[in-house]
Amino acid sequence: MVIVSSHQLKNVSGPLFCETCSQLSDQFNVWWTDGKNDDGLDYCSIHVECATCHNEVLHKSAVGDIHNLDDAINVLSQ
């Protein structure tokens, strides 16, 4: 899990709002999982959660591996 500031996620579809905290947050936790499907193709799931209450505010799945935070932010920005 990596803590990122909201400006790092600026290209994600609009400002991230936590419904549990009812506020825009300055920091978020970003974490991801990688795997392979039955055909052997790589896929990933990226999760963004509020750093205050740990509520998930965004989840995105994509084809391919995530090797670092930059990869995760690129997938979230698509």
Quick one: which residue pairs count as a ring-ring contact (aromatic ring centres under 6.0 Å, His included) with a foot in residues 38-58, not counting sequence neighbours? Trp31-His47, His47-His59
Residue pair Cys50 / Val57: nearest heavy atoms and the distance that separates them: N-CG1, 4.4 Å
Minimal heavy-atom distance between Ala72 and Ile46, with the atoms involved, is O-CD1, 3.7 Å
Would you give me the side-chain donor-acceptor pairs under 3.5 Å for residues 60-69, sequence neighbours excluded?
unit_1, atom_1, unit_2, atom_2, d
Lys60, NZ, Val75, O, 3.1
Lys60, NZ, Gln78, O, 2.3
Ser61, OG, Ser45, OG, 3.3
Asn68, OD1, Asp70, N, 3.1
Asn68, OD1, Asp71, N, 2.9

Output, in order, the C-alpha distance, side-chain angles, deciding distance and verdict of side chain to side chain contact (heavy atoms under 4.5 Å, CB included) for Leu58 and Leu76. CA-CA 9 Å; Leu58 179 65; Leu76 290 171; 3.8 Å; yes
Residues Ala51 and Asn29: closest non-hydrogen pair is CA-ND2, 3.7 Å
Among pairs that include at least one residue of residues 42-53, which meet salt bridge (Lys or Arg N to Asp or Glu O under 4.0 Å), considering only residues two or more places apart or in two chains? Lys36-Asp42
